[in-house]
Peer 1: 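Next up is a structure, given as structure tokens.
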Number of protein chains: 2
Amino acid sequence: MEPLANEKSPNQTNRSQNIPVATVTRLALYLRELQQLKRAGLQRIQSGAIAKRLGLNDSQVRRDLSCFGQFGQRGVGYNIAGLTQAIQSIMGTDRSWNVILVGAGNLGRALSGYRGFDQQGFRLVAVFDCSDEIIGTKVGKLVVKSLDSLDEIVSANQVELAIVAVPAEAASIVSQRLESAGITGILNFAPVTVRRPNSSLTVVDVDLAVELQRLAFAVVNSKGS
Amino acid sequence: MEPLANEKSPNQTNRSQNIPVATVTRLALYLRELQQLKRAGLQRIQSGAIAKRLGLNDSQVRRDLSCFGQFGQRGVGYNIAGLTQAIQSIMGTDRSWNVILVGAGNLGRALSGYRGFDQQGFRLVAVFDCSDEIIGTKVGKLVVKSLDSLDEIVSANQVELAIVAVPAEAASIVSQRLESAGITGILNFAPVTVRRPNSSLTVVDVDLAVELQRLAFAVVNSKGS
DNA sequence: ATATGTGAAAAGTTTCACAGCC
DNA sequence: GGCTGTGAAACTTTTCACATAT
């Protein structure tokens, strides 16, 4: 009366619900390490080894991974391929996503060519800007478009995600337009917190200057100790 | 026998010690909002207003700010100029920092031109790469140098911070060289966790693909609810 | 012997709620 | 009236420690 074959389909419990937010932020890091290990030809890995690579506690790795099922084998470790697949499925990156970029300035252009996005299944399908000098120029293989064509392109390509790399002043209007065009997630590089109360829009903010300041703080405060 | 004028120098207790890490990550955000408010011509602000702008709880803002002294005035709020100065002093950004960039590829070039760094007092003094095709080319006003001149330039300019935008494979060697050249802090954009145990090197990792994956997860998991 | 999965304890963080000051 | 600063409660996250499986 064994209920399930357990190598092939581990009991994938709790899908999505009750995963601590702190765990989610580490999931992508686990994935990155697993992909690297796979490339190196390994098949199994232990929680302690993952922890060491990421500077974490081994118990934390095990608890994180156990949130969405039992993927390890006691006495042995985790199967790299299986765990990779499982995490991708949890994170929603077991499929590809169409992404647009808004803001083809300095930073936007660099982001558009960033290989890491493509490697994780994010496909850039269009680039927008509001400056007449930039519209019509090329960014990689794409021609920069006016925001006028936003709605059309978003629905035609079923785009869900947008990367925003516009000046702080423009971020609020841009996010409003993105939302009404049907975008559901924004990766925001503009140095403002985009708040859209009572909206289903999800925003992840990345402020590069903030990160550098966090570094300065850490350096200043490690000096003494 | 009043000990101190208190508008000018509020009781700045606890400098650095026992500031929660969670608070530190928000400090730079408070600073960004305060600078924006100052530019808008405001002189005072309330915890509730800051909280609203950043999507936080007002009590959290007050507790964060109270970690390093009493800067508010009951019934009134916080003095924007004074609080800005105080946070900058805590974060170590009340002075300017010399920064170098390693990796003048796609992302590195964009980061070198990012205005936000300069605006917060981070001055890019040199750019390095290890590719012969890139060495000698210009990035903004700077000529890309070989890593051979790293030690010399770091000590000549008293550089403490480095921005690393090299491929994952190179990150470990680069950080090793940076450390031995005297760098004490690295802002790492390479998609690996750079671990240097028993070292005083401070590293802040920013993985752009990881951020996009976090967004995908958040979008997938907001759908249902 | 080795490594996972997990209750329970410890540590850290957020929020409440209100005294104290303007 | 308004708003800060902060004890105490509530909640979250991490770590310990060990039963359990190979």
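We name chains A, B, ... by the order of the sequence lines, and we start the count at 1 in each one.
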Peer 1: When the distance from CZ of A:Arg44 to P of D:dT22 is rounded to whole Å, what number comes out?
Peer 2: 13 Å
Peer 1: Once hydrogens and angles are ignored, does a donor-acceptor distance under 3.5 Å link the base of D:dT20 to the side chain of A:Arg74?
Peer 2: yes
Peer 1: Would you say the side chains of B:Ser47 and B:Asp58 form a donor-acceptor pair under 3.5 Å?
Peer 2: no
Peer 1: Think B:Ser47 has a side-chain N or O under 4.0 angstrom from the OP1 or OP2 of D:dC3?
Peer 2: no
Peer 1: Starting from C1' on D:dG5, measure out to CZ on B:Phe68 and report it in whole angstrom.
Peer 2: 13 Å
Peer 1: What is the separation between atom CZ on B:Phe71 and atom P on D:dT6, rounded to the nearest whole Å?
Peer 2: 12 Å
Peer 1: Would you say B:Arg62 reaches C:dA17's phosphate, i.e. side-chain N/O to OP1/OP2 under 4.0 Å?
Peer 2: no
Peer 1: Between C:dT15, D:dG5, D:dT13, spot the one nearest the side chain of B:Ser66, thanks.
Peer 2: D:dG5
Peer 1: Under 3.5 Å, is there a donor-acceptor pair between the B:Arg32 and A:Thr193 side chains?
Peer 2: yes
Peer 1: Would you tell me if any nitrogen or oxygen in the side chain of B:Tyr78 comes within less than 4.0 Å of OP1 or OP2 on D:dG5?
Peer 2: yes
Peer 1: Please give, in whole Å, the distance from D:dT12 C1' to A:Gln60 CD?
Peer 2: 12 Å
Peer 1: Please confirm whether the shortest side-chain N or O distance from B:Asn57 to OP1 or OP2 of C:dC16 is below 4.0 Å.
Peer 2: yes
Peer 1: Could you tell me how far apart B:Arg26 (CZ) and C:dG12 (C1') are, to the nearest whole angstrom?
Peer 2: 12 Å
Peer 1: Specify the separation, in whole Å, of atom CG of A:Leu65 and atom C1' of C:dG5.
Peer 2: 11 Å
Peer 1: Would B:Gln36 and B:Arg53 count as having a side-chain donor-acceptor pair, cut-off 3.5 Å?
Peer 2: yes
Peer 1: Return the value, rounded to whole Å, for the distance between atom CG of A:Asp58 and atom P of D:dT13.
Peer 2: 20 Å
Peer 1: In plain terms, say whether B:Arg95 and B:Glu160 are close enough for a salt bridge, that is, a side-chain N and a carboxylate O under 4.0 Å apart.
Peer 2: yes
Peer 1: Where the side chain of A:Pro20 is concerned, which of D:dT13, D:dT14, C:dT15 is the nearest nucleotide?
Peer 2: D:dT13
Peer 1: Base, sugar-phosphate, or nothing: which does B:Gly75 touch, judged by heavy atoms less than 4.0 Å apart?
Peer 2: base
Peer 1: Considering only heavy atoms and no angle criterion, is a donor-acceptor pair shorter than 3.5 Å present between the side chain of B:Arg63 and the base of C:dT13?
Peer 2: no
Peer 1: Just to confirm, is there a sub-4.0 Å distance from OP1 or OP2 of C:dT6 to any side-chain nitrogen or oxygen of A:Gln70?
Peer 2: yes
Peer 1: Using whole Å, report how far CG of A:Asp64 lies from P of D:dT14.
Peer 2: 7 Å
Peer 1: Kindly say if A:Gln73 contacts the phosphate of C:dT4, meaning a side-chain N or O under 4.0 Å from OP1 or OP2.
Peer 2: no
Peer 1: Specify whether A:Tyr114 and A:Phe117 have parallel, tilted or perpendicular ring planes, treating 30° as the upper limit for parallel and 60° as the lower limit for perpendicular.
Peer 2: perpendicular
